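Notes to accompany the following structure.
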Amino acid sequence: MRKIYVFDTTLRDGEQSPGVNLNTQEKVEIALQLERLGVDRIEAGFPAASPGDLKSVSEVAEAVKNSSIIGLSRSREQDIEAAREALKKAEDPCLHLFLATSPIHRKYKLRMEKQQVLESAEAAIRYAKKYFSKIEFSPEDAARTELDFLCEVTEMAVRAGATVVNIPDTVGFMTPDEFGNIFKTLRENVLGIENIQLSAHCHDDLGMATANALAAIRNGADQIEGTINGIGERAGNTSIEEVAMALETRKEFYEATTSLKLNEIYRTSRLVSKLTGMAVPGNKAIVGSNAFAHESGIHQDGMLKEKTTYEIMSPETIGLKESKLVLGKLSGRHAFSEKLVDMGYDDLNEEQIKEAFKKFKNLADKKKNVSDEDIRAMLVEKLVSTPEFFTLERIDLSYGNQSIPKATIRIKTKEDAIAEETQEGNGSVDAIYNAIDKATQEDVTLEDYAIKSVTHGKDALGEVHVVLKQGDIAVTGRGVSTDILDASARAYIDAVNRIIDKKNSDHVNKRGNITLI
Ligand code: KIV
Ligand code: ZN
């Protein structure tokens, strides 16, 4: 079996999903889970984009020991220097340089001739080679680049010292046949190609990112790049879990495999979904909630007789276990700790288990049975927290369908001061948000509000995601509770805390204003 390297860019291309804004602590949490999943390479961010990005890459580099950590960089010295600084503490650092090569990008974005592109990229690789033994070079928009020029660029990159050449289908324009042919052509025509690894980086604009990545593998790619749940710029990137499971399920066909611990897929997917606020569609391949659900009578009958009639993969392979231990309010700390280990949370310290158990007991008081999903939601909420400038103490609400909703909110500040405000609104949530605005005195705009049920039934946990804006800063906030109004208030306060945190640490992400040359 040929090994296919997995390069995860959830923290870089994935974070470029509109509305997604992860803080450093969340990035480290995701990176540690990616390491547990067995990802070979983690692209932690774009250090030159902002001081906040540099700090996040640096903290990820310090925390992760078993995956190579990568920083993205334009082909210019100041970006390379920022990446050098950010990757100082990495066990196995790698620089990812890029420069666009397609006629459209050369003419309109770079205003460069082919020769200038070649020279700029070569100068950047040679400069970077003084500091990095591992360099990946990406000819951005490679898929729309003239094939003979792409061969020339790749040969230059090999000569200059790149260790990986990545072929991005930046705008998701390729069909699998065309994309596969690029890899075949490079393998057959580029001098020294056997000395480097070839990588595929696909976008999903036409829904072909996974098929294109697999076509690249069939035609000689050594590495695939992608994100968890396929998140990313516009329609997203290749879903890593889809490629890994396609290779696993169709191994006789592809004769290739990854080093991923497949049973960590589900947990990774849910962590990324929670922290990014991007819900996984029910029908999403591999990790959607319906991916292993059978509705039709004929299918259910077939499943009961023999699972392989309608299932080509088993849910256990991706770490989806049937709950064996049902937890409720009479369960003790021992059963709860066992459950955490069973669910893969085997690295929590005593303090974290104590905190989680307290939260579990509160939840069990309100809910008859606490499911795995409830615990997962609760843990993400508890273990990845934002600095709490404001905490919710109490909500009182008056609502009637013939009267104006009124909310009284009591909030505690970091300095233990209490702010209590009463406000009306054109709905209960609106009244709550008006009261929070008054109490926190933060001038914010609600850009988005989404609510979903974490589990089923009347006593299900409700999860609310909000997007708040203040000036240049846009953040997501989340709140989980058995009551959706309580969850709504918590999500809003979480977002206000994130805005204050961002203002304090002055790491407004300026990526949006950067011209990528
Ligand atoms: O899609 C793309 O071209 C990229 C590059 C920076 C590799 O993300
Ligand atoms: Zn990309």
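Since this is a predicted model, take the numbers as computed values, not measurements.
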Between [Y] and [X], is there a side-chain heavy-atom distance shorter than 4.5 Å?
| X | Y | value |
| --- | --- | --- |
| Arg41 | Ser67 | no |
| Ile224 | Tyr5 | no |
| Met245 | Thr317 | yes |
| Leu198 | Gln223 | no |
| Lys502 | Val475 | yes |
| Leu247 | Phe253 | no |

Indicate the atoms forming the closest heavy-atom contact of [X] with [Y], along with that distance.
| X | Y | value |
| --- | --- | --- |
| Pro93 | Ser68 | C-OG, 4.4 Å |
| Glu113 | Gln116 | N-OE1, 2.8 Å |
| Phe137 | Ala162 | CB-CB, 4.2 Å |
| Ser17 | Gly14 | OG-O, 2.6 Å |
| Pro139 | Val165 | CD-CG1, 4.4 Å |

Output for pair (Met278 CE, Asn229 CG), nearest 0.5 Å, gives 8.5 Å

Sorted by chain and residue number, the salt bridge (charged side-chain N to carboxylate O under 4.0 Å, His left out) partners of Glu81 (sequence neighbours excluded) come out as Arg84

Exercise for review: Would you please name every residue forming a salt bridge (charged side-chain N to carboxylate O under 4.0 Å, His left out) with Lys284, sequence neighbours left out?
Suggested key: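 Glu241, Glu242.
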
ask   = Run the side-chain hydrogen bond (donor to acceptor under 3.5 Å, both in side chains) check on Gln197 and Glu136 step by step: do they pass?
value = CA-CA 9 Å; Gln197 291 187 341; Glu136 169 168 316; over 6 Å; no

If the condition is ring-ring contact (aromatic ring centres under 6.0 Å, His included), which residues does [X] pass it with, not counting sequence neighbours?
| X | answer |
| --- | --- |
| Phe179 | Phe183 |
| His465 | none |
| Phe7 | His96 |
| Tyr127 | Tyr131 |

Exercise. Between Tyr254 and Arg250, is there a cation-pi geometry (under 6.0 Å to ring centre, at most 45° from the normal)?
Worked result: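 The answer is no, since Arg250 fails at least one limit relative to Tyr254.
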
Q. Is the Lys NZ or Arg CZ of Arg74 less than 6.0 Å from the centre of Phe98's six-membered ring, within 45° of the axis?
A. no

Strictly by modelled atom types, are [X] and [Y] linked by a side-chain donor-acceptor pair under 3.5 Å?
| X | Y | result |
| --- | --- | --- |
| Glu59 | Ser56 | no |
| Thr10 | Thr227 | no |
| Glu225 | Thr9 | no |

Could [X] and [Y] be called an ion pair, given the rule that one side-chain N must be under 4.0 Å from one carboxylate O?
| X | Y | answer |
| --- | --- | --- |
| Lys109 | Glu140 | yes |
| Lys3 | Asp222 | no |
| Glu255 | Lys251 | no |
| Glu15 | Lys27 | yes |

The single option from Asp8, Ile30, Asn66, Val60 that satisfies side chain to side chain contact (heavy atoms under 4.5 Å, CB included) with Glu35 is Asn66

The side chain to side chain donor-acceptor pair (under 3.5 Å) partners of Gln115 (sequence neighbours excluded) come to Glu119

Taken in chain and number order and not counting sequence neighbours, the residues that satisfy side chain to side chain donor-acceptor pair (under 3.5 Å) with Asp13 are His201, His203, Asn237

For this session: Decide side-chain hydrogen bond (donor to acceptor under 3.5 Å, both in side chains) for Glu306 and Thr309; before the verdict, give the C-alpha distance in whole Å, the side-chain angles of both, and the deciding distance to 0.1 Å.
Result: CA-CA 6 Å; Glu306 166 57 44; Thr309 51; over 6 Å; no

Please check this pair: side chain of [X] against backbone of [Y], looking for a donor-acceptor N/O pair closer than 3.5 Å.
| X | Y | value |
| --- | --- | --- |
| Asp79 | Ala48 | no |
| Asn219 | Asn181 | no |
| Asn23 | Glu26 | yes |
| Thr476 | Gly277 | no |

Which atom pairs, donor and acceptor, lie under 3.5 Å between side-chain atoms of residues 146-156 and protein residues at least two apart or in another chain?
{"from": "Glu146", "atom 1": "OE1", "to": "Arg106", "atom 2": "NH1", "distance (Å)": "3.1"}
{"from": "Glu146", "atom 1": "OE2", "to": "Arg106", "atom 2": "NH2", "distance (Å)": "2.8"}
{"from": "Thr154", "atom 1": "OG1", "to": "Leu150", "atom 2": "O", "distance (Å)": "2.7"}
{"from": "Glu155", "atom 1": "OE1", "to": "Leu191", "atom 2": "N", "distance (Å)": "3.0"}

Quiz item: Which pairs, with at least one residue in residues 194-220 and sequence neighbours excluded, count as a salt bridge (charged side-chain N to carboxylate O under 4.0 Å, His left out)?
Solution: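 As it turns out, the salt bridge (charged side-chain N to carboxylate O under 4.0 Å, His left out) pairs with a partner in residues 194-220, which skip direct neighbours, are Asp205-Arg234.
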
Hits for side chain to side chain contact (heavy atoms under 4.5 Å, CB included) against Lys129, two or more places apart or cross-chain, chain-then-number order -> Ile135, Thr163

- Task: Check side chain to side chain contact (heavy atoms under 4.5 Å, CB included) between Ala63 and all other residues, then give those that pass, not counting sequence neighbours.
- Result: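 Checked Ala63 against side chain to side chain contact (heavy atoms under 4.5 Å, CB included); matches are Val28, Leu32.
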
Test side-chain hydrogen bond (donor to acceptor under 3.5 Å, both in side chains) applied to Asp141 and Thr170, step by step: CA-CA 5 Å; Asp141 205 16; Thr170 302; 4.6 Å; no

